[in-house]
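Reviewing the structure listed below.
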Amino acid sequence: MRALLQRVSAASVTVDNAVIGEIGPGLLVFVCAMRGDSEAEATQLVQKIARLRIFRDDAGKMNRSVSDTGGAVLVVSQFTLGADTRSGTRPGFSKAAAPDEGMRLYHCFCAKMRETGLTVQTGEFGADMKVSLVNDGPVTLWLDTDDRRNKSAGSG
């Protein structure tokens with residue numbers, strides 16, 4: 001699974017002119033299930049995100065997690081994170097999970113994020129969403145469970 005995280009002061013998602021998810025300080029998480037992903041990748045990604053120390057402590061250092069700060073999480077599905085842009089000028093999306101599997105894993109990811117005890121708001125899978133945010137920092141990070149699998153396989 002892939003995720004793009006943004007540390008935010010506030011974020012919201014709107015569908016058909018109605019706000020369906022909104023948070024104050026915390027994380028905006030765009031997430032995409034990739035072909036071959038399972039609940040194991042969703043669990044791995046949730047655990048990493050919940051513990052990732054990217055919030056300031058009293059000394060101004062990034063030493064606190066969203067869990068430590070009492071922040072919230074807004075999770076938005078975004079299959080375009082699965083884009084393959086290596087050739088040509090039109091992205092290909094064949095590496096992203098099929099829509100039914102993507103939706104299942106998105107809902108799994110959201111459920112597992114709620115299990116951490118964090119306040120979680122969501123977008124609507126497959127909808128035309130308008131996302132608003134105030135990026136804090138700015139802090140924006142890319143996570144990919146495939147990177148962790150490749151690293152654990154060893155490269156020399």
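Only heavy atoms go into these numbers, but all of them, side chains included; no hydrogens, no water, no symmetry mates.
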Are any non-hydrogen side-chain atoms of Gln47 and Thr43 less than 4.5 angstrom apart? yes

Interatomic distance, CG@Asp84 vs CZ@Arg90, rounded to 0.5 Å, equals 13.0 Å

Of all the heavy-atom pairs spanning Val75 and Tyr106, show the shortest one and how long it is. O-OH, 3.0 Å

How many angstroms lie between atom CG of Leu133 and atom CD of Gln6, to the nearest 0.5 angstrom? 5.0 Å

Tightest non-hydrogen contact, residues Phe55 and Gly26, listed as CZ-O, 3.6 Å

Looking at Leu4, Asp144, Leu81, which one forms a side-chain contact (heavy atoms from CB on, under 4.5 Å) with Cys32? Leu81

Check for me, please, whether Met34 and Phe79 land in the same ILVMFWY cluster - side-chain distances under 4.5 Å, paths through other members count. no

Side chains of Glu39 and Arg104 in contact at under 4.5 Å (non-hydrogen atoms): yes

Atom pair CD (Gln44) and NZ (Lys112), whose distance is rounded to the nearest 0.5 Å: 12.0 Å

Assess whether a salt bridge exists between Asp136 and Arg56, defined as any Lys/Arg side-chain N lying under 4.0 Å from an Asp/Glu carboxylate O. yes

If you take all heavy atoms of Gly102 and Ala97, which pair is closest and at what distance? N-CB, 3.9 Å

Hey, what do you get for CZ (Phe109) to CG (Asp37), rounding to the nearest 0.5 Å? 11.5 Å

Salt bridge Arg35-Glu101, side-chain N to carboxylate O under 4.0 Å: no

Partner of Ile54 by side-chain contact (heavy atoms from CB on, under 4.5 Å), out of Thr69, Leu27, Val66: Leu27

Co-membership, hydrophobic cluster, residues Met1 and Leu141, 4.5 Å side-chain: yes

Contact summary for Pro91 and Thr85, nearest pair of heavy atoms: CB-CG2, 4.1 Å

About how many Å separate CE of Met129 and CG of Asp16, when rounded to the nearest 0.5 Å? 11.5 Å

Looking only at non-hydrogen atoms, find the nearest pair between Ala83 and Phe93 and report the distance. CB-CE2, 3.5 Å

Is the side chain of Asn135 donor-acceptor paired with the backbone N or O of Val139 at a distance under 3.5 Å, no angle test? yes

Quick one: does Ser65's side chain have a donor or acceptor within less than 3.5 Å of a partner on Asp68's backbone? yes

Thr116 and Arg51: CA distance, side-chain angles, deciding distance, side chain to side chain contact (heavy atoms under 4.5 Å, CB included) verdict: CA-CA 10 Å; Thr116 68; Arg51 295 189 318 242; over 6 Å; no

Hey, any chance Val8 and Met113 share a hydrophobic cluster, counting ILVMFWY side chains that come within less than 4.5 Å of each other, even indirectly? no

Same cluster for Leu52 and Val120 if Ile/Leu/Val/Met/Phe/Trp/Tyr side chains link at under 4.5 Å? yes

Is there a path of hydrophobic side-chain contacts, each under 4.5 Å between heavy atoms, that joins Leu45 and Met103? yes

Measuring only between side-chain heavy atoms, which start at C-beta, is Thr119 closer than 4.5 Å to Ile23? no

Given 3.5 Å as the limit, does a donor-acceptor pair link the side chain of Glu41 with the main chain of Ser38, or not? yes

So that I can tick it off, tell me whether Asp57 and Arg64 are bridged by a salt bridge, with the cut-off set at under 4.0 angstrom between side-chain N and carboxylate O. no

Drop me the distance from Leu28's CG to Ser9's OG, to the nearest 0.5 angstrom. 12.0 Å

Determine yes or no for a side-chain-to-main-chain donor-acceptor pair under 3.5 angstrom, with Ser67 supplying the side chain and Ala50 the backbone. yes

What's the shortest heavy-atom distance between Ile49 and Ala3, and which atoms? CD1-CB, 4.3 Å

